[in-house]
Amino acid sequence: MLTSIQIENFRCFDQLKVDGLSRVNLIAGKNNVGKTAFLEAIGMWTSGSNPAGLTYLSGMRIPLEKVTLDIAQELLLAPLFKDFDTSRTIHIKGFLDYSELHSLEIQSDRAIPNRISLTQEKYEAGLGSLTSNLSQILTLRYIPPEGQPTENQFWLEGNKTTLQGMSAELATPSLSVAFIFANSRQNSKTQSEMFGQLELVSSDYSLVESLQLLEPRLKRITTIVVSGFPILYGDIGLKRLVPLSLMGDGLNRLVSILLTLATNRDGLVLIDEIENGLHHSVLSKVWQVINDAAHRFNVQVIATTHSYECIEAAHTAFSDSGHYDFRLHRIDRIRDEFKPVTYDQEALEGSVQASFEVR
Amino acid sequence: MMSSPKIFKKKLLLVEGKDTEAFIAALLDVSGLEDFQILDFRNVENFQPFIKGLVNRLDYRESDIQSIGVIRDAEQNASAAFESVCNALKAASLDSPSQVGRITTGKPRTGIYLLPDLGASSGMLEDLCLNMLETDAAIVCVEQYFQCLSSQGIQPPRNFAKAKITAFLASRPELKQRVGYAMNKEYWNWDHLCLAPLKEFFKTL
């Protein structure tokens, strides 16, 4: 489990250190304090020297299929660095289980590596400018707790929208990660695949029972292939099955969350704006089923929120569970410094009782 | 959600309950002390969660708070009450003073005052109020009232101080049933010497 994370020169953060991460964590704070950037930093860190972390970033902020070289440069690569200052080095250090330090360094370099001989030849033949044809080169250096660091370089080239790399040696912390984005629904194929995985290995887990919180009529979920396209359907007692995707944002949000937890055993799930689509009246029960799934599948959850009801509901649900492995972390911006603060059960109880603002 | 009022002063007084809040507000007013903000932590059991939540508030963290005073009843055991407050301050990563009435030198400064007064081993706000009424003509009648009840074999009240204050308030032109509602300046002797240590506590904090 990720217990502490330290971020330097990433996005808006000069420096940010958050300790005391628990099984389930909510990240609060005003607009533009870097809640989503905090998740992105963790995503990058879990990806180690694998550029998959960059893909998570683009998915969070811009649709990947629309990434061009210029967009990537402006919206994806340069903004990774504090104040767009690509001369800085990004450091992301995370502790697993308090003692196992995994570090990631990200550096930018516009120099063209000698290894790109083909492009070099094109340049010498006057076929184009090297620098205008390549995005920044990012060096991802992953330093494990033991053993040698691994270092890889990646860039976007020409009109290709995939990341090009110099090495196939991809090392990451021993922690799988999954993202659930704020406003995008998981596609039906992804959900069907996750549902299939869940059916294969966790037949004792009743997804339906958990979803009945939001749709009490739901009796069964099944995958049906329509024109070669797998779709999840639900049986709610009508004469025919109904596509889950038609059953409302709240239910689909909970399906996404629970399927992601269930298929990411021993891993970490990052959720941006977890309350999206969920009515405040069901939030306590939603937290109960998230708590249940997080324990059952040994998954850590780090989620952002703007909602007081969401925080209060989580506090209530975890207090009632008898095992309060939940923390609220708020990122504050005080005199231009990012200062996180962590609420344990007692601090949150006192705040709720006294109607203190905690968001 | 009904939010607690914003922090707008650099000196905070954390008090136990509405009655103490009203009493302290009146005392500050008659003493001309304006640089304090009073926050009610409601009951002693709630103090530690309250102070831990308070120091996490964004407006607290932004406010550069200079000092925090905690005012509560000594109740049955002043030593235990003092220790309880000290433990809560430490749990909130704040300094705790060496004894009642003393102020720490850290930032923020902290101090603890137990009612009714500095040297008391037990007691409460109503004991202090009774001391303020020492020379009030009505208090003689109040004493006689309880003596009369006793002579009739009527079971005495469990809390004499509260009962006497209630009887005193019943003697006023406008009936008020609680100290907090009765903080009219003219009812009480705000110049009584028994208030001097508390006023000094405010000035030092």
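All of these numbers come straight from a predicted model, not from anything done at the bench. Just so we're on the same page: letters track the sequence lines, and every chain starts at 1.
Other residues, nucleotides and ligands contribute more than 12 heavy atoms inside 6.0 Å of the CG atom of A:Asp85. The number of heavy-atom neighbours closer than 6.0 Å to CD of B:Gln76, taken from other residues, nucleotides and ligands shown, is 12 or below. By the neighbour-count criterion of 12 heavy atoms within 6.0 Å, atom NZ of B:Lys10 is densely surrounded, having more than that number from other residues, nucleotides or ligands. Surrounding CD1 of B:Ile154 are more than 12 heavy atoms belonging to other residues, nucleotides or ligands, all under 6.0 Å away. Counting non-hydrogen atoms of other residues, nucleotides and ligands closer than 6.0 Å to CZ of B:Phe146 gives a total above 12. The local environment of NZ in A:Lys285 is sparse, with at most 12 non-hydrogen atoms from other residues, nucleotides or ligands closer than 6.0 Å. Shown here is A:Arg23, whose CZ atom has more than 12 heavy atoms of other residues, nucleotides or ligands within 6.0 Å.
Only the side chain of A:Arg335 comes within less than 4.5 Å of a heavy atom of chain B; its backbone N, CA, C and O stay farther away. Interface residue A:Lys30: only side-chain heavy atoms are found under 4.5 Å from chain B. Neither the backbone nor the side chain of B:Leu39 comes within contact range of chain A, judged by heavy atoms closer than 4.5 Å.
Among B:Lys6, B:Arg61, B:Gln48, B:Lys52, the residue making the largest number of heavy-atom pairs under 4.5 Å with chain A is B:Arg61. Between chain A and the options B:Asn46, B:Ile51, B:Leu54, heavy-atom pairs under 4.5 Å are most frequent for B:Leu54.
Remark: B:Asp59 CG to A:Phe356 CZ distance equals 9.0 Å, nearest 0.5 Å.
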Could you go through the side chain to side chain contact (heavy atoms under 4.5 Å, CB included) check for A:Val341 and B:Leu58 one step at a time?
CA-CA 9 Å; A:Val341 63; B:Leu58 175 57; over 6 Å; no
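For the pair A:Ala354 and B:Ser4, the tightest heavy-atom approach, listed with the atom from each and the gap, is O-CB, 3.6 Å.
Although no hydrogens or angles enter the test, the distance criterion places a donor-acceptor pair under 3.5 Å between the side chain of B:Asn56 and the main chain of A:Thr342.
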